[in-house]
**Student:** 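Once you've had a glance at the structure underneath, I'll fire off some questions.
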Amino acid sequence: AIGDARYARVATEATRLGLPLEALAQFEPWAIALTLTQLEYLQLGFDPDEGVERQLGRRAHVDGKKIQGLETVEQQINILAGLSKEDQARFLDQTVTEMDSADRETQEIVAAWRSGNATKLAALMSDDFKAFPSLYRALVTDRNRRWLPQIERLLKGDQDYLVVVGALHLIGEGGLLQLVRADGLEPRPLQ
């Protein structure tokens with residue numbers, strides 16, 4: 001139960017995005033938040049099949065290259081499902097609140113990423129988490145720390161690897177770039 005006021009806000013967005021309200025009843029708040037986000041991006045014209053992960057996956061398949069995850073889908077789900085009910089509700093509230101500015105914010109993030117402006121990218125992407133550090137910790141910082149030993153093993157190996165993570169995992173406090181620098185490595189952007 002997410003409460004009447006929250007349900008009304010969620011129902012408004014779900015209806016706008018074409019999600020049947022009956023579907024909401026079967027999901028936890030974190031799953032509703034992800035579903036709304038995915039539908040919003042679809043409506044804004046972002047095609048999941050054209051995303052970086054799927055494009056690289058197709059290319060690796062064609063080239064006969066092995067793909068290995070830093071975590072499983074089950075682990076990813078457990079991160080969100082493991083949030084307290086209060087944090088799940090806050091995550092849902094944050095998602096619904098950001099729906100109005102999703103298009104503008106996404107365009108700003110893409111522009112900063114394309115121009116290589118890491119400072120602006122970090123500011124844009126981390127703004128939403130300033131009032132919600134427990135979510136940032138669960139989604140970004142803790143995962144980065146779990147991934148770091150795996151990434152460092154790959155770097156020390158005798159083969160070449162391509163490690164692909166979302167931009168939020170690279171930047172800012174607790175970002176992978178900061179963590180590998182602290183371990184004495186010197187990452188640098190490709191020109």
Side-chain angles (χ1 to χ4, degrees), residues 17 30-31 33-81 91 95 98 102-129 135-191:
L17 295 168
W30 67 267
L34 287 186
T35 301
L36 291 175
T37 299
Q38 290 169 345
L39 290 172
E40 179 69 17
Y41 283 123
L42 283 171
Q43 189 171 67
L44 291 174
F46 291 92
D47 181 353
D49 285 332
E50 295 304 317
V52 172
E53 186 175 346
R54 290 199 185 162
Q55 286 188 44
L56 289 173
R58 285 192 300 269
R59 178 77 184 265
H61 178 74
V62 167
D63 292 347
K65 297 187 188 248
K66 180 181 171 187
I67 297 175
Q68 175 183 329
L70 295 172
E71 63 192 6
T72 66
V73 172
E74 182 180 1
Q75 288 170 319
Q76 292 173 4
I77 290 170
N78 286 339
I79 290 166
L80 292 168
F91 178 42
T95 299
E98 293 169 359
D103 188 25
R104 179 186 47 80
E105 287 181 7
T106 302
Q107 297 306 326
E108 289 176 359
I109 288 169
V110 169
W113 177 77
R114 283 188 173 149
S115 68
N117 188 338
T119 303
K120 185 171 184 177
L121 185 63
L124 289 167
M125 294 187 78
S126 61
D127 268 355
D128 296 333
F129 292 100
L135 183 63
Y136 186 82
R137 189 171 43 258
L139 293 179
V140 181
T141 310
D142 292 348
R143 292 168 75 199
N144 287 349
R145 287 193 178 104
R146 284 193 302 274
W147 295 347
L148 186 61
Q150 296 175 68
I151 293 169
E152 288 181 337
R153 273 193 300 279
L154 294 174
L155 291 171
K156 292 175 184 173
D158 58 357
Q159 295 182 4
D160 291 333
Y161 295 93
L162 173 65
V163 177
V164 179
V165 298
L168 188 58
H169 290 284
L170 295 172
I171 56 179
E173 186 69 29
L176 285 168
L177 295 177
Q178 179 192 49
L179 294 174
V180 297
R181 282 187 187 106
D183 282 356
L185 299 171
E186 297 178 25
R188 61 188 182 280
L190 295 175
Q191 301 295 327

**Student:** For residues L124 and E108, report the shortest heavy-atom separation together with the two atoms involved.
**Tutor:**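 Smallest heavy-atom distance, with atoms named: CD2-OE1, 3.4 Å.
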**Student:** Return the set of residues passing ring-ring contact (aromatic ring centres under 6.0 Å, His included) with F91 (not counting sequence neighbours), or none when no residue passes.
**Tutor:**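 In terms of ring-ring contact (aromatic ring centres under 6.0 Å, His included), with neighbours along the sequence ignored, F91 is linked to no residue.
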**Student:** E105: which residues meet the side-chain hydrogen bond (donor to acceptor under 3.5 Å, both in side chains) condition with it, sequence neighbours left out?
**Tutor:**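 E105 satisfies side-chain hydrogen bond (donor to acceptor under 3.5 Å, both in side chains) with S101 once adjacent residues are dropped.
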**Student:** Give the minimum heavy-atom separation between L139 and I79, together with the two atoms involved.
**Tutor:**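 Looks like CD2-CG2, 4.0 Å.
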**Student:** Report, one line per pair, each donor and acceptor closer than 3.5 Å where one atom sits in a side chain of residues 145-156; sequence neighbours left out.
**Tutor:**
unit_1, atom_1, unit_2, atom_2, d
W147, NE1, E71, OE1, 3.3
Q150, NE2, L70, O, 3.0

**Student:** To the closest 0.5 Å, what do you measure between CG (L135) and CZ (F129)?
**Tutor:**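 CZ of F129 is found 5.0 Å from CG of L135.
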**Student:** Name all residues meeting the side chain to side chain contact (heavy atoms under 4.5 Å, CB included) criterion together with L44; count only those two or more places apart in sequence or in a different chain, and write none if there are none.
**Tutor:**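 Scan of L44 (side chain to side chain contact (heavy atoms under 4.5 Å, CB included), adjacent residues dropped) gives E40, Y41, F46, A102, D103.
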**Student:** Measuring from atom CD1 of I171 to atom CD of Q178, what distance do you get when rounded to the nearest 0.5 angstrom?
**Tutor:**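 Output value for this atom pair is 11.5 Å.
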**Student:** Tell me which pairs pass salt bridge (charged side-chain N to carboxylate O under 4.0 Å, His left out) where either residue lies in residues 42-52, with sequence neighbours left out.
**Tutor:**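 For residues 42-52, and leaving out neighbouring residues, the salt bridge (charged side-chain N to carboxylate O under 4.0 Å, His left out) pairs sorted by first residue read D49-R54.
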**Student:** Not counting sequence neighbours, which residues clear side chain to side chain contact (heavy atoms under 4.5 Å, CB included) with V110? List them please.
**Tutor:**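 In terms of side chain to side chain contact (heavy atoms under 4.5 Å, CB included), with neighbours along the sequence ignored, V110 is linked to T106, R114.
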**Student:** Main chain of T72, side chain of Q75: is a donor-acceptor contact present, judged purely on distance under 3.5 Å?
**Tutor:**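 Yes: the side chain of Q75 pairs with the backbone of T72.
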**Student:** For the CZ atom on R59, are there more than 12 heavy atoms of other groups (residues, nucleotides or ligands in this structure) within a distance under 6.0 Å?
**Tutor:**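 Atom CZ in R59 is not packed in, count stays at 12 or less.
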**Student:** Out of curiosity, E98 CD to R104 CZ, how far, rounded to the nearest 0.5 Å?
**Tutor:**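 If I round to the nearest 0.5 Å, the distance is 10.5 Å.
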